[in-house]
Amino acid sequence: MRELSHRRRMLVLAICCMSLLLVSLDNTVLNVALPSIRSDLHASVSGMQWTIDAYTLVLAALLMLSGSTADRVGRKRTFQTGLVIFTLGSGLCSLAPNLEALVIFRMVQAIGGSMLNPVAMSIITNVFTEPRERARAIGAWGGVVGISMAAGPIVGGLLVESVGWRSIFWINLPVGLAALFLTARYVPESRAPKPRRADPIGQLLVIAVLGTLTYAIIEAPDRGWDSPLIATCAGIAALGLLTLIHYERRRAEPLIDVRFFHSAPFSGATVVAVCAFAALGGYLFMNTLYLQDVRGLNALHAGLWMLPMAFMCFVCAPLSGRLVGARGPRPSMLVAGVAITASGVLFAVFDAQASDAGLLIGYVLFGLGFGMVNAPITNTAVSGMPRTQAGVAAAVASTSRQVGQSLGVAVIGAVLAAGAASAAAGGMGHAASPAAAASFVDAARPAWWIIAACGAVILLLGLVTTGRWAEKTTRHAAALFEEGAPTGQTSANAKA
């Protein structure tokens, strides 16, 4: 590919950022619309969970497949296909006549979304070849997530209150069409010199594990934890995971290369991504219900209440990136772990939601923690790995984020549903009765402890996976790739 001018490279970056804004904004605006969707489509708590998890599950399952497909058939072509499918899915979501149709159309959206973010990152990496310029481009890319978190609740609240919940999907149509036109005109085509082979069996196993596990968690409160269907789904998930590990260890080019997990920092970054995004997914889901159903706020005012959290994410994300560059990932991970844990404990023990000041402090603490944790996840996942494997390592970290968000919504929603089936009985725009409000707070207490536990895991892994022993395991994992060792190979050094 010929060298592009600086102006053309900036335009390519802007187009790629448009795709990230599409996907990120879609998730944040949806959260404030959940009570309206529930009221209009007569959805249960599990129904609201599926409107989120149907998207994140499909996204998580297909991210790595989309990345390898783009390397093989062309990144620009895959990116354009993703824009078409995502825009079409958005239009269909706005027309959904019932909850079942909305969930299906959200899955269509996710198929397109899986072709946008990882492929856009590959395009950026391919266009920005100078390391310092590439770092600035990736920094701008990451800043879009902060913008979407800050703007999403406000944009979603305004649209829901003025036009209706269906309008939150309309905003994707002009942005998607503009990005499609600009991609065709300005983004160069590129492919990997040696693309990875497809792994259809590994892909099917990933889908089976994620789908059955999430279904079991979401549906268990309604069907019962001792239901034969729930037990069967849990068994399929466990068996599928064991089969996936066994199968992938023996493939020359696996979908998920288990050699990465010989590195303690990589394994830690994967778990941190799951915990951080599980906390985020559960936090947004629970607070949307609390602000609108218990406090009786409309969608716009609920979005404004979440603004301090989004603002802290927006401010702290670039600061964390600089801190990681200067001091390594440990300080950012420690701050993130402490802040998220403190936010969860504040609600679980001290009933922060009982006062406006307590609610505000809880939101600020969570925003601080989540804003600090994103930068060290990707950095820790790819640092020390061979450059040829950096993209795959980053893709695993991205998949872990989506898996975490799916599990967070599933688990927190299941806890709420099991604890108080009528806790969200207050109507839209009307505060719940004191008894219902107290019921919701009691039901939410275990959920806050789960979020605090996620923060504690981040704190612990920040300490354990950033020292000398952790660096030694990373060198061992890198050596396995450089030596071309089979994925199932283990050595005495693996236990070092």
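All residue numbers refer to positions in the sequence shown, counting from 1. On a predicted model such as this, the values are computed, not experimentally measured, just so you know. The figures that follow rest on heavy atoms only: side chains count, while hydrogens, waters and symmetry mates do not.
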* Asked: Is any side-chain heavy atom of M306 closer than 4.5 Å to a side-chain heavy atom of L291?
  -> yes

* Please confirm whether the backbone N or O of Q353 pairs with a side-chain atom of R295, one donor and one acceptor, at under 3.5 Å? => yes

* Structure fact -> All heavy atoms of Q203 vs all of L65, minimum pair found to be OE1-CB, 3.1 Å

* Could you pull out the closest heavy-atom pair between S406 and L57, with the gap in Å? => OG-N, 3.4 Å

* Side chains of Y283 and S343: is there a donor and an acceptor less than 3.5 Å apart? -> yes

* **C316 backbone acceptor or donor facing S320 side chain under 3.5 Å** => no

* To do: Answer with yes or no whether the side chains of W50 and E219 bring together a donor and an acceptor at under 3.5 Å.
  => yes

* Please list, chain by chain and in numerical order, all residues satisfying side chain to side chain contact (heavy atoms under 4.5 Å, CB included) with A237, sequence neighbours excluded. => T212, L213

* Taking atom types as modelled and ignoring hydrogens, do the side chains of Q292 and N298 form a donor-acceptor contact shorter than 3.5 angstrom? -> no

* Spacing of N172 atom CG and C93 atom SG [to the nearest 0.5 Å] -> 8.5 Å

* Would you please say whether a donor-acceptor pair under 3.5 Å links the side chains of S94 and R166? => no

* Would you say the side-chain atoms of S19 pair up with the backbone N or O of C16, donor to acceptor, closer than 3.5 Å? -> yes

* Structure fact -> Residue pairs meeting ring pair (Phe, Tyr, Trp, His ring centres under 6.0 Å), one or both in residues 320-359, sequence neighbours left out, come to F347-W448

* Asked: Between T473 and S263, does any side-chain donor sit less than 3.5 Å from a side-chain acceptor?
  -> no

* How long is the span from the SG atom in C233 to the CD1 atom in I218, to the nearest 0.5 Å? -> 11.5 Å

* **Atom of L41, atom of P97 and distance for their closest heavy-atom approach** => CD2-O, 3.9 Å

* Provide the closest heavy-atom pair for I412 versus I451 in the form atom of the first, atom of the second, distance. => CD1-CG1, 4.5 Å

* Asked: Any side chain to side chain donor-acceptor pair (under 3.5 Å) pairs touching residues 302-314, not counting sequence neighbours?
  -> none

* Between Y55 and D26, does any side-chain donor sit less than 3.5 Å from a side-chain acceptor? -> no

* Compute the centroid of each ring, for F370 and then for F277, and state whether the two points are separated by less than 6.0 Å. => yes

* To do: Output the distance between atom CG (D199) and atom CD (E248), rounded to the nearest 0.5 Å.
  => 4.5 Å

